[in-house]
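Everything below concerns the one structure shown next.
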Amino acid sequence: NQWIFLQFLRAGLAYRQMAPVDWCPKDQVVLAREQVEGVDRVCWRCGTQVIKRDLEQWFFRITKYADELLSFEGIDWPEPVRLMQTNWIGRSEGADVAFHTAPSEHHEGGAVLRVFTTRPDTLFGATFMVLAPEHRLVAELTAPEQREAVEAYVAAARRETEIERLSTDREKTGVPLGADAINPVNGERIPIWIADYVLASYGTGAIMAVPGHDERDFAFATQFGIPIRRVVAGPDDADDAPLDEAYPAKDEDARLVNSGPYSGQPWAAGFAAIVADLEAKGQGEPTVTYRIRDWLISRQRAWGTPIPVVYCAADCGIVPVPESELPVLLPDDFVYPEGGGNPLETTESFLRTTCPQCGGEARRETDTMDTFVDSSWYYWRYLAPQNADAAIDRALDERWMPVDQYTGGAEHAVMHLLYSRFFAKALNDIGVIGEREPFKRLFNQGQILGADGERMSKSRGNVQDPDELVGRYGADTVRLFLMFMGPWDQGGPWNPSGIEGINRFLRRVWTVTLDSSGQEHGNPDAGSLPAGEDLAAAEKTLRVAAHRTLEGVTADHDGFRWNTIVAKLMELTNLLMKYRGTPAADTAGWDEAVRLLLLMLAPVAPHIAEELWSRRLASAGGSWGSIHTEVWPAFDESVVAAEMIELPVQVNGKLRDKVSVAPGLAQDEIEAIVMAQPKVIANLEGKQVVKVIHVGGRLVNIVVR
RNA sequence: GCGGAAGUGGUGAAACGGCAGACACGCUGGCCUUAGGAGCCAGUGCCCGAGAGGGCGUGGGGGUUCGAGUCCCCCCUUCCGCACCA
């Protein structure tokens, strides 16, 4: 981590900056934006509501890759995750427009207010401007008679929590500065307001407000009696059709109106023309804005990777620790500060060091790295975890990476899964790996929730400890139960009530494997085959079932359908149970079925499969070999092909009968058999057959009138 | 508000556009047991029927099709993500 950090620092991908950041008061640590969740703005680890603080912190420049991260070319990822990342990055194309302030008694004018807009085509509809309360020009522009009101509003906005600030459905508030700006397209003077619905952290922290065509501006203008002007009209609207709500139309046939020389143009053409004209005058330019922010990696925790820089007491400033002195280790004599906080800040043995540049006194950085730094590249380290010469073994990287199939929860969409993609691109740029994406194919497994249906968390107290179940039932049972619960990409509340069934299944597997002929379990029917079945038929039934199971299980593995794999293995086991203790259990077909059962069980219940495999080999006098080194068996097509097919017969789409036919029969032959069935005859009574539909030897539907 | 996913028995769930409810849990009955929280067997979507059998059923309403849980349109509900992003 430290070596990579130093490379990032050199490449300008790591930097330290003062910024308003999210702080968890309980954990006493800052968090990345991705790690603050929900409308309530809570810490992803402990659920405590975060607060904003201005702090100097370390960041990774993920925004450098914003555009590249929007492209998922060449990787096969689930649509929901791609969408979440796309929305999180939040690319908006628009324009920067410069408004100049108008001269007045208290201000000479000419100050530049830059705004970002996605609709420069609506510039003629701008009837006011709004600055974020934190905007740096607020104090300068405020007229004396407005000073008191403005200062009160700014102070109130500062006191508000994030949630209050961000709740969408509350009334708009704001205060005019008592100053005007000049609209660059028409020279019109428009009033400048401050309002907390404009965020300092997005765009330029200032907007041109177009109430006719923006919902929020409309609400604000309505509230404060500011003029609302139509500058875009749909094909059915008159140029001055009144607006009773904001009309944001971007339909192809929407046209600009009341927009001077641009009136009558389609909005998209007006968009381009206005931006071009502004650019020519030096009052604007096309811009792209993103919602994603750089990744805040500083953590005030003692158990992360120390950030390898020192602060020189003299004049060298922030000095990276030389690579030859890595790693910077955590101390083992922590001094815990009273009242909590990061012990590294009070542990002198760690803090005191010398400046690598001037040799004078220096203090170590006490922030450690976000643990998501570790998870962003661990899979590269796993290629050669013992390698002491390099973080990543380049030859092994070329040979193995990227990861072909990765599994992770969708809840990591904008954390781990986004950070990892950033790391791939950054590590590629600094030349230590050969690819720009970490995971070729991603599969999202479902998330198991607490019994209460809420996400498991220590603070909610709904965390389930799998070890308890493993202790009671064994790892195979718990593992199989998790697989059996439902599709793998689907989660749900944890409910272990069905685990007994899995345990019973594995005990039955044990029974059929080791007790093929035994009658000691007291089955009263032991020793005889089911009525009307001879030995050859029973053996055939077993072989066919085993190979069909193998065919299905093989296909299910490709689709991660472990729930149906387990179900199929249960079916086969139940069939073996039926023949247990009968002469059929002494046949080669039985042995083959049991052998295949164990081989199919091996990937899903590795321990019991290995145990039964070795016992079975031992009892047959063979030498020991692990089941996990066996190749996956191939099913026998000729066995799978059935001798007779059960054909459902429908009349007008309703199931009426089933007939048994030989495979490969011609349609008219099948039809002859079907039409002779008593139930079919009864159902056709008094009706006229329109046509008969044959579905490839799987079904017959007789359409009647 | 925007975006996404999903609605099937008492429960978890199966079902290339072709037999809805596989496989389990639970429940009911039986067998075996000194006993059973063990094991085995049978039954178990709903309604009518002693049974054979019949009718109805995949959130609601339309549609496409010989045939729809599955495809299309509208609506409802739940969950997830983002949320005054200009």
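By convention in this document, chain letters (A, B, ...) are assigned in the order of the sequence lines, proteins followed by strands, and residues within each chain are numbered from 1.
Using bins of under 30°, 30° to 60° and over 60° for the plane-to-plane angle, the ring pair A/Phe224/A/Phe220 lands in the tilted bin.
Counting non-hydrogen atoms of neighbouring residues, nucleotides and ligands closer than 6.0 angstrom, the CD atom of A/Glu646 exceeds 12 such neighbours.
Here the C1' atom of nucleotide B/A13 and the CH2 atom of A/Trp488 are 18 Å apart, to the nearest Å. Rounded to whole Å, atom C1' of B/G54 lies 13 Å from atom CG of A/Leu655. Rounding to whole angstrom units, CZ of residue A/Arg656 and P of B/G54 are separated by 7 Å. In this structure, A/Asn444 atom CG and B/A6 atom C1' are separated by 15 Å, rounded to whole Å. Between the P atom of B/A14 and the CG atom of A/Leu569 lies a distance of 16 Å, rounded to the nearest Å. A/Asp96 has its CG atom 13 Å from the P atom of B/A86, to the nearest Å. Protein atom NZ of A/Lys654 is 11 Å distant from nucleotide atom C1' of B/G54, rounded to whole Å. The distance between atom CG of A/Leu506 and atom P of B/A38, rounded to the nearest whole Å, is 17 Å.
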Stepwise side chain to side chain contact (heavy atoms under 4.5 Å, CB included) test for A/Thr117 and A/Asp96 = CA-CA 7 Å; A/Thr117 176; A/Asp96 251 0; over 6 Å; no
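Side-chain N/O atoms of A/Glu34 and A/Trp44 include no donor and acceptor closer than 3.5 Å. No side-chain N or O of A/Glu637 forms a donor-acceptor pair with one of A/His547 less than 3.5 Å apart. Side-chain contact, A/Asp214 with A/Tyr247: no donor N or O sits under 3.5 Å from an acceptor N or O. Using a 3.5 Å distance cut-off with no hydrogens or angles, the side chains of A/Tyr153 and A/Thr173 do pair a donor with an acceptor.
Here the nucleotide nearest the side chain of A/Pro487, chosen from B/A14, B/A86, B/C19, is B/A14. Closest approach to the A/Trp88 side chain among B/C82, B/C56, B/C84 is made by B/C82 (side chain taken as heavy atoms from C-beta onward). Proximity note for A/Arg507 (side chain, C-beta onward) versus B/A83, B/A38, B/C56: the nearest is B/A38. Side-chain proximity of A/Leu83 to B/G3, B/A86, B/C84: nearest is B/G3.
Separating the P atom of B/A52 from that of B/G43 is a span of 12 Å, rounded to the nearest Å. To the nearest whole angstrom, the two C1' atoms, one in B/G59 and one in B/G9, are 15 Å apart. B/A14 and B/A22 have their P atoms separated by 13 Å, with the value rounded to a whole Å. Between the C1' atoms of B/U70 and B/G18, the separation comes to 11 Å (whole Å). Across B/G3 and B/G12, the matching P atoms stand 30 Å from one another, rounded to whole Å. Taking atom P in both B/G57 and B/G10, the straight-line distance is 16 Å, to the nearest Å. Remark: the separation of the C1' atoms in B/A20 and B/C73 is 25 Å, to the nearest Å. B/C76 sits 24 Å from B/U11 when the C1' atoms are compared, rounded to a whole Å.
Searching all strands for a Watson-Crick or G-U wobble partner of B/C19 with both distances below 3.5 Å returns nothing. Base pairing of B/G43: its partner is B/C27, meeting the Watson-Crick or G-U wobble criterion (both donor-acceptor distances under 3.5 Å). Partner assigned to B/C84 is none, using Watson-Crick or G-U wobble distances below 3.5 angstrom. The partner of B/A5 is B/U78, by the rule that a Watson-Crick or G-U pair needs both atom distances under 3.5 Å. Pairing of B/A52, defined by two Watson-Crick or G-U wobble distances under 3.5 Å, is not identified with any nucleotide.
For the pair A/Asp67 and A/Arg91, the salt-bridge criterion is met [side-chain N within less than 4.0 Å of a carboxylate O].
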With 3.5 Å as the limit, what N/O pairs link the protein to nucleotides 22-24 of chain B?
{"unit_1": "B/A24", "atom_1": "OP1", "unit_2": "A/Asn574", "atom_2": "ND2", "d": "2.4"}

Below 3.5 Å between N/O atoms, which protein atoms pair up with nucleotides 62-70 of chain B? Just atom names and distances, please.
{"unit_1": "B/C66", "atom_1": "O2", "unit_2": "A/Asn701", "atom_2": "ND2", "d": "2.6"}

Find every protein N or O atom lying less than 3.5 Å from an N or O atom of nucleotides 7-10 of chain B, and list the pairs.
none

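Nearer the 5' end of RNA chain B, as judged by each residue's closest nucleotide, is the contact made by A/Glu37, out of A/Glu37 and A/Thr118. Between A/Pro648 and A/Asn87, the residue anchored closer to the 5' end of RNA chain B is A/Asn87, taking for each the nucleotide with the nearest heavy atom.
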Please report, to 0.1 Å, the donor-acceptor pairs under 3.5 Å made by any side chain of residues 680-692 of chain A, with sequence neighbours excluded.
{"unit_1": "A/Asn683", "atom_1": "OD1", "unit_2": "A/Arg656", "atom_2": "NE", "d": "3.4"}
{"unit_1": "A/Asn683", "atom_1": "ND2", "unit_2": "A/Lys679", "atom_2": "O", "d": "2.9"}

N/O donor to acceptor pairs below 3.5 angstrom from side-chain atoms of residues 483-495 of chain A, sequence neighbours left out:
{"unit_1": "A/Trp494", "atom_1": "NE1", "unit_2": "A/Gln464", "atom_2": "OE1", "d": "3.4"}
{"unit_1": "A/Asn495", "atom_1": "OD1", "unit_2": "A/Ser497", "atom_2": "N", "d": "3.1"}
{"unit_1": "A/Asn495", "atom_1": "OD1", "unit_2": "A/Ser497", "atom_2": "OG", "d": "3.3"}

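For the pair A/Met129 and A/Val115, the minimum side-chain heavy-atom distance is below 4.5 Å.
Among residues two or more places apart in sequence or in another chain, the side-chain contact (heavy atoms from CB on, under 4.5 Å) test is passed with A/Ala413 by A/Val81, A/Met84.
In B/G9 the O4'-C1'-N dihedral to the base is within 90° of 0, which defines a syn nucleotide.
Side-chain N or O atoms of A/Arg230 include one that pairs as donor or acceptor with a backbone N or O of A/Val232 at under 3.5 Å.
In this structure, A/Arg33 is not positioned above the aromatic face of A/Trp295 in the sense of NZ or CZ being under 6.0 Å from the six-membered ring centre and within 45° of the axis.
Contacts of A/Arg33 with the nucleic acid, taken as non-hydrogen atoms under 4.0 Å apart, are absent. Residue contacts for A/Thr289: at a heavy-atom cut-off of 4.0 Å it reaches no nucleic acid atom on any strand shown.
Side-chain nitrogen and oxygen atoms of A/Ser92 include at least one within less than 4.0 Å of the OP1 or OP2 phosphate oxygen of B/A86.
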